[in-house]
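Accompanying notes for the structure given below.
Only heavy atoms go into these numbers, but all of them, side chains included; no hydrogens, no water, no symmetry mates.
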2 protein chains.
Amino acid sequence: MARNSPAPRSAKSRAGIRPLPGRARSENGNAHSDLMNGEIGLDALAGHAGYAVRRFQIWVFQDFIRTLGAVDIRPTQYSVMTVIGANPGLSQMAVAKRLGIERARLVHLLDSLEQRDLVSRVKSAADRRSHALHLTARGRTALAQFKRLAAEHERHVAEKLGKENRKKLLQILSDFT
Amino acid sequence: MARNSPAPRSAKSRAGIRPLPGRARSENGNAHSDLMNGEIGLDALAGHAGYAVRRFQIWVFQDFIRTLGAVDIRPTQYSVMTVIGANPGLSQMAVAKRLGIERARLVHLLDSLEQRDLVSRVKSAADRRSHALHLTARGRTALAQFKRLAAEHERHVAEKLGKENRKKLLQILSDFT
DNA sequence: TATTGTTATACTCTATAACTATA
DNA sequence: TATAGTTATAGAGTATAACAATA
C-alpha cells in the first residue's frame with residue numbers, strides 16, 4: 001500500500017496519518033487564525049461520552065492500521081480471522097451476527113481473505129445453503145503473526161491511556177463485546 | 001430496558017437500526033447453526049480496547065441518531081454546530097482542525113447546514129480567503145433544542161454504563177477531545 | 001510560495017433491497 | 001415461507017489531489 005506506513009513499525013512515523021489536533025495546536029506558536037486566545041471551547045461536546053469515544057476510536061484504529069500496515073490487515077479483517085480461528089466451521093451468518101457486521105459486507109471481506117488464501121469457504125453438508133468457514137494453513141500461520149503485531153498495538157494503547165486506565169476501560173465496556 | 005431503549009418519546013421506531021447482536025442470541029432458543037454450546041468465543045479480540053470501543057461507539061451513535069432523529073441531526077452535524085455556537089466567527093479550517101474533520105468534508109457538512117438556514121458563512125474582511133462561521137437566528141434556537149435532545153441521549157448512555165462508569169470513561173478519554 | 005475554500009476521485013463502511021438456492 | 005449467501009445501490013465518512021483566489 002505504501003500509503004499506510006510499511007514503516008519499521010514502532011517509530012510512530014505518522015506516515016500519512018494526521019496527528020490529533022487540539023492538543024497539538026499549542027505546540028507551534030500560531031493562534032492568529034483560530035481565536036485570539038488560541039483555545040477553541042467544546043461547550044456541550046465535552047460532556048458527551050460519544051464524542052470522546054469517537055476521537056479515541058479514530059486514534060486506536062489508525063494505530064492498529066499503522067502497526068499492522070506491513071501485513072496489510074485492517075481491524076475488521078483481524079476480527080473476522082480471529083473469530084474463525086477460534087471457532088472453525090462457523091457460518092457466515094454466525095460470524096456476521098457475532099461481530100455486528102452486515103452479512104452483505106462480510107461477503108466482500110471474505111472474498112478478499114479467500115483470495116489471499118487466508119480463509120476458505122467449505123460447503124456445509126448439513127445445510128447446503130451455508131458455508132463452513134476455516135482458516136487455511138497459511139491463514140493460521142499468518143494469524144499468529146497478526147496477533148503478535150496486534151499485541152504490540154495494544155501496548156501502544158496501554159502507553160497512551162496508562163495500564164490501569166486501559167484495564168478499567170475494558171471493564172466498563174465489557175457488555176458491548 | 002427493552003434492549004436498546006428507544007425511549008418513549010421520539011417514536012423513531014428503531015427505523016432500521018439493528019439491535020446489538022451477541023447478547024441477543026441467547027434469548028431465542030436457536031444455537032444449532034452457530035456452535036453446539038451456543039457461545040462464540042472472541043479469543044484475542046477480548047483483550048483489545050479498540051474492539052470494545054468500536055462496538056460501544058456504534059451503540060452510542062445509533063442511540064444519538066435515534067434520539068435526535070425527529071430533528072434530523074447526526075453526531076458530526078451536532079458537533080459542528082456546537083463548536084460554532086460557542087466560538088462564533090471561526091474559520092472552516094479552525095473548525096476542521098479542532099474536530100478532526102477533513103476540510104474537504106466540512107464543506108459539504110456546511111453546505112447542508114447552510115441550506116437548512118442553521119449556519120451562515122460570512123466573508124472575512126481580515127483574510128478574504130476565509131469564511132467566518134456563525135449560527136443563524138434559527139440555528140441558535142434549533143441548537144438549544146438539539147442540546148436538550150442530546151442531553152437525553154447522554155442519559156441513555158449513563159443508564160447503559162452506570163453513572164460512575166460514564167464519568168470514569170470521560171476522564172480516561174479526556175486527552176482525546 | 002503557502003493557505004483557504006472548493007471540487008473531484010476513490011475506497012471503506014453502513015443500511016437496504018432483491019435475487020438464488022436451498023430449507 | 002423462511003433463511004444463507006450473494007449482488008447491487010445509496011449515503012456517510014476518510015484520504016488525497018488539484019485548482020482558484022488570496023495571502
Would you say B/Gln92 places a side-chain N or O within less than 4.0 Å of OP1 or OP2 belonging to C/dT6? yes
Answer yes if the side chains of B/Arg74 and B/Tyr78 hold a donor-acceptor pair under 3.5 Å, and no otherwise. no
Side-chain atoms of A/Ser130 come closest, of C/dT6, D/dA4, D/dT6, to D/dA4
Is it true that A/Lys160 and A/Asp63 make a salt bridge, defined as a side-chain N closer than 4.0 Å to a carboxylate O? no
Would B/Asn165 and A/Lys168 count as a side chain to side chain contact (heavy atoms under 4.5 Å, CB included) if you check the C-alpha gap in whole Å, the side-chain angles of each, and the deciding distance to 0.1 Å? CA-CA 9 Å; B/Asn165 281 342; A/Lys168 183 68 181 172; 4.1 Å; yes
Quick one: A/Arg66 CZ to D/dT14 P, roughly how many Å, whole number? 16 Å
I want to confirm an ordering. Mapping A/Arg103 and A/Pro75 to their closest nucleotides on DNA chain C, which one lands closer to the 5' end? A/Pro75
In whole angstrom, give the distance that lies between atom CG of A/Leu113 and atom P of C/dT12. 13 Å
Just compare C/dT22, D/dT22, C/dG5 and give me whichever is closest to any side-chain atom of A/Arg129. C/dT22
Rounded to whole angstrom units, what separation is found between the CD1 atom of A/Ile101 and the P atom of C/dA15? 12 Å
Euclidean distance, atom CG of residue A/Leu133 to atom P of D/dG5 [Å, nearest integer]: 7 Å
C/dT12, C/dA15, C/dA18: which one has an atom nearest the side-chain heavy atoms of A/Arg74? C/dT12
Spacing of B/Asp72 atom CG relative to D/dG11 atom C1', expressed in whole Å: 13 Å
From the options D/dA8, C/dT14, C/dT7, select the nucleotide whose nearest atom is closest to the side chain of A/Ala104. D/dA8
Whole angstroms only, please: what is the CD1-C1' distance between B/Ile65 and C/dT14? 10 Å
Of the nucleotides D/dT7, C/dC13, C/dA2, which one has an atom closest to the side chain of A/Arg105? C/dC13
Side chain to side chain contact (heavy atoms under 4.5 Å, CB included) between A/Leu161 and B/Leu173, intermediate numbers included: CA-CA 8 Å; A/Leu161 293 180; B/Leu173 300 182; 4.2 Å; yes
Heavy-atom nearest nucleotide on DNA chain D taken for A/His108 and for B/Ala125; more 5' hit belongs to A/His108
Let me know, please, whether A/Leu109 or A/Lys123 comes out on the 5' side of the other along DNA chain C by nearest nucleotide. A/Leu109
Can you check whether B/Gln62 has a side-chain N or O nearer than 4.0 Å to OP1 or OP2 of C/dA15? yes
Nearest-angstrom distance from the residue atom CD of B/Gln57 to P of D/dG13: 10 Å
For A/Glu102 and D/dA10, give me the distance from atom CD to atom C1', rounded to whole Å. 14 Å
Return yes if the base of D/dT22 and the side-chain atoms of B/Arg128 contain a donor-acceptor N/O pair under 3.5 Å, otherwise no. no
Considering only D/dA12, C/dG5, D/dT6, which nucleotide approaches the side chain of A/His131 most closely? D/dT6
Please determine if B/Arg116 and B/Asp111 form a salt bridge, counting it only when a charged side-chain N lies under 4.0 Å from a carboxylate O. no
